[in-house]
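This report refers to the structure that appears directly beneath it.
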Amino acid sequence: MVLGFLTAGSTFGAASTLVVALLWVGDRKLESDWPHSLALATTVVIAAIGVLGAVPAGWMLFGVLATLVAWDIRSFERRCQATSRIEDPDGLRRRHFRWVIIVFGLSALLSGVAITVHLNLRFWMAVAISLVLLLGLNRVLIHYKGINDRTRVEAEKRSTSPGT
Amino acid sequence: MGRFTLLSVIVYGLVIAGLASLNGGLLALAIPFTLYLGMGLLFRPPKMRLKAYRTISRNRVAEGSSVVVTLIVSNEGERLEEALIEEQVPKPLPVLGGDTSLRLCMAPGDTARLEYVLGGRRGVYTFEQIKVTANDGLDLTRRVEGIAAEGATKLVVLPDVLRLRRIPIRPRQTRVYAGFIPTRLGGPGVEFHGVRNYQIGDALRHINWKASARHPQSHFTNEYEQERVADVGLILDARARVNLLTARNSLLDCGIQAVAALGETFLHAGNRVGLLIYGHTFDWTFPGYGKVQRERLIQALARAKIGDSLVFDKLENVPTRLFPPKSQLVLVSPLSEDDLPFLIRLRARGYHLLVISPNPISFEAEDLNIDLAVDLAVRLARVERRFLIRKLLEAGIYTLDWDVRAPFDQVIHAWLMQLPLWYRQAGFLT
């Protein structure tokens with residue numbers, strides 16, 4: 001991302017990215033997750049500004065992808081540290097990284113296609129697709145929230161029911 | 001903010017920004033996050049079907065001992081990509097070693113084993129459900145379930161029981177069974193009681209020849225004092241307002257130690273012993289004999305907790321009808337001033353009362369930084385307490401003012417030896 005900003009002649013963007021990266025590295029000792037989540041969100045915002053500011057999208061895409069992978073790995077590390085024992089830690093790590101590689105690979109492929117293939121859409125088609133996307137996403141989130149709430153309620157019911 | 005929520009906000013933001021600015025690059029930036037979310041939703045963890053079985057090396061242990069808890073969890077359902085099994089150890093129990101949580105991948109038919117060591121203080125502890133959290137490979141979606149484990153669910157840590165020598169008591173009312181308590185009645189026994197007229201069948205060795213010689217027309221037989229068992233009621237005061245609690249100990253624990261030792265001693269002598277624990281509720285252990293009753297008393301003492309209640313705020317509400325009339329009562333309580341009228345009334349009703357009072361002043365003073373003001377306060381409190389105990393003595397209630405820094409067994413025997421010989425021979429109350 002820094003290289004992308006420098007290529008486009010934006011030193012402010014490069015500096016901001018460097019600051020976030022340094023904060024990320026220096027934050028390794030902190031116990032909580034939120035600094036890394038904040039760093040991820042900040043990186044995405046910087047990348048979006050870069051794209052809007054005519055920085056080549058490829059650099060921004062790669063930077064965001066790398067940040068997402070780093071965020072995921074950090075979260076996995078914290079989960080493992082919080083557990084007193086892990087059975088077959090190497091196997092668990094291998095399985096997790098398999099997922100990460102799949103996501104990384106597919107994302108890189110699809111994003112690459114997205115920035116190279118240009119489609120001309122009429123306005124109404126673009127609006128319709130956007131609406132479908134947004135409604136779909138909304139639906140997914142409500143469905144997921146429903147699953148979470150049901151699971152939590154079931155777990156609470158079992159823990160408070162008499163005889164258990 | 002959860003991981004899923006954060007990623008959703010990022011996707012929404014990029015999509016909306018991309019559409020608003022008609023910039024395909026922003027939409028392209030949303031692709032990795034959308035894919036990440038999609039994978040998490042698509043491969044979310046299935047409904048869990050797990051069975052858990054818990055074993056504890058010993059369900060009943062003495063205070064200070066440790067136990068090994070083994071938990072075996074087996075997967076009878078679908079594959080769990082990443083599962084975290086957490087044992088919910090009862091809070092006051094410290095984990096001395098081993099693991100109480102385990103993260104692993106569970107294929108169908110797999111079993112997981114957790115083993116850990118617990119120590120602990122007196123109490124009855126119930127193990128709650130095991131918490132299992134299953135997540136997908138990217139930890140975006142989770143299922144959390146509580147699973148009740150079969151097998152052992154309760155651990156009882158019993159208080160230590162000190163061994164005491166026989167404590168002489170002499171209530172007016174005794175029971176029919178032979179024991180060690182003199183009854184003031186003639187019959188078979190050891191101590192000489194009196195003489196009576198000879199009856200056919202009396203053993204020749206029991207004839208009192210001196211008395212018989214003074215009355216040529218009749219013979220006299222020696223009679224001995226019957227020794228029987230008695231009813232003993234133990235009352236443990238568990239009210240929060242009199243039992244002080246510090247970081248290291250509580251006066252109730254001292255009281256429990258005393259009650260356990262006394263209960264053991266009285267039961268060993270064959271007496272019928274009941275226990276009333278009086279605090280936020282009253283826990284009554286019906287009187288009984290022998291080892292079974294000892295076990296009941298110890299279990300009740302293990303359960304005892306400090307508490308307060310408006311109903312059981314004062315000793316006046318102790319239900320005295322639980323105790324047979326004129327039986328022996330032993331009250332273990334730090335005492336407060338408003339307990340005095342009740343104790344005097346008990347004595348007036350004919351109960352034989354012994355009070356063991358753990359001293360709250362010396363107990364608390366140990367943890368204080370002694371300066372002039374504190375020293376003066378301690379001295380005043382000691383004077384008040386000495387006055388209270390003197391009033392009890394005047395009412396005929398012998399009270400042991402126990403400095404809990406000294407072991408109970410030594411204190412009680414030393415105190416018994418200090419009582420006048422005639423009083424010891426006659427018992428506590430005449």
Side-chain angles (χ1 to χ4, degrees), chain A residues 33-34 37 40-41 44-45 47-48 51-52 57 60-61 64-65 68 72 75-76 79-80 82-89 91-92 95-96 98-100 102-104 106-108 110-111 114-115 118-119 126-127 130 133-134 137 140-141 143-144 147-148 151-152 154-156 158-159 163-164, chain B residues 1 3-19 21-29 31-39 41 43-44 81-82 84 86 88 98-105 112 114 128-129 131 135-139 141-148:
Chain A
D33 244 348
W34 70 264
S37 301
L40 173 68
V44 169
V45 168
V51 164
L52 285 170
M60 301 297 107
L61 210 58
V64 154
L65 207 52
L68 179 62
D72 177 86
S75 174
F76 176 73
R79 273 203 319 279
C80 291
T83 315
S84 61
R85 187 162 75 95
I86 301 171
E87 196 151 297
D88 187 19
L92 197 71
R95 277 186 291 275
H96 181 78
R98 196 168 52 212
W99 284 104
V100 172
I102 292 170
V103 169
F104 188 91
L106 273 174
S107 303
L110 287 173
S111 307
I115 57 175
H118 294 276
L119 288 172
V127 167
S130 317
L133 275 173
L134 284 169
L137 210 53
V140 159
L141 285 173
H143 178 65
Y144 164 69
I147 291 172
N148 259 6
T151 310
R152 197 173 42 245
E154 275 167 23
E156 277 166 12
R158 276 199 213 99
S159 68
T164 55
Chain B
M1 188 187 270
R3 288 160 52 87
F4 194 96
T5 312
L6 172 68
L7 293 174
S8 308
V9 165
I10 290 172
V11 168
Y12 260 120
L14 287 169
V15 165
I16 290 168
L19 290 171
S21 60
L22 298 175
N23 191 319
L26 290 176
L27 295 175
L29 279 182
I31 291 173
F33 298 99
T34 313
L35 253 172
Y36 195 93
L37 281 172
M39 295 287 263
L41 283 171
F43 297 102
R44 63 176 179 268
E81 191 62 38
E82 199 177 308
L84 173 64
E86 292 173 286
Q88 310 291 299
D99 308 301
T100 55
S101 63
L102 175 65
R103 190 178 288 279
L104 75 167
C105 170
L114 274 107
E128 290 174 17
Q129 290 184 326
K131 185 178 161 193
N135 47 265
D136 64 284
L138 298 170
D139 192 33
T141 50
R142 286 182 184 181
R143 247 184 223 277
V144 181
E145 281 187 22
I147 295 167

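Proteins come first, then strands; the chains are lettered A, B, ... in the order of their sequence lines, and each starts at number 1. None of the values given here were measured: they were computed from a predicted structure.
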What part of [X] gets within 4.5 angstrom of chain A, counting heavy atoms only: side chain, backbone, both, or neither?
| X | value |
| --- | --- |
| B:Ala17 | neither |
| B:Leu27 | neither |
| B:Leu138 | both |
| B:Leu84 | side chain |

**Report entry** Sidechain-backbone polar pair: B:Ser101 side chain, A:Ser84 backbone, donor-acceptor under 3.5 Å
**Finding:** yes
Requested in this report: Sequence neighbours left out, what passes ring-ring contact (aromatic ring centres under 6.0 Å, His included) with A:Phe76? Give chain and number order.
Outcome: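 Scan of A:Phe76 (ring-ring contact (aromatic ring centres under 6.0 Å, His included), adjacent residues dropped) gives A:His96.
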Any side-chain heavy atom of [X] within less than 4.5 Å of one from [Y]?
| X | Y | answer |
| --- | --- | --- |
| A:Val51 | B:Leu29 | yes |
| A:Leu40 | B:Phe33 | yes |
| A:Asp88 | B:Cys105 | no |
| A:Ile86 | B:Leu102 | no |

Nearest heavy-atom neighbours spanning [X] and [Y]:
| X | Y | result |
| --- | --- | --- |
| B:Asp139 | A:Ser75 | OD2-OG, 4.4 Å |
| B:Leu6 | A:Ser37 | CD2-CB, 3.6 Å |
| A:Ser107 | B:Pro32 | OG-CA, 3.5 Å |
| B:Ala28 | A:Ser111 | O-OG, 3.9 Å |

Requested in this report: Please flag which part of A:Leu61 lies under 4.5 Å from any non-hydrogen atom of chain B: side chain, backbone, both or neither.
Outcome: both
Report task. Determine the option with the most heavy-atom pairs under 4.5 angstrom with chain B, choosing from A:Arg79, A:Arg95, A:Glu87. Result ->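 Greatest number of close heavy-atom pairs with chain B: A:Arg79.
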**Report entry** chain B interface, residue from A:Asp72, A:Ile102, A:Leu106 that has the most non-hydrogen pairs under 4.5 Å
**Finding:**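 Winner by heavy-atom pair count: A:Asp72.
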Query - Under the salt bridge (Lys or Arg N to Asp or Glu O under 4.0 Å) test, residues paired with B:Asp136 that sit two or more places apart - result: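 So B:Asp136 forms no salt bridge (Lys or Arg N to Asp or Glu O under 4.0 Å) with any residue.
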Report task. Considering only heavy atoms and a distance below 4.5 Å, find which of B:Leu7, B:Leu35, B:Leu104 pairs most often with chain A. Result ->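 Option with the top pair count is B:Leu35.
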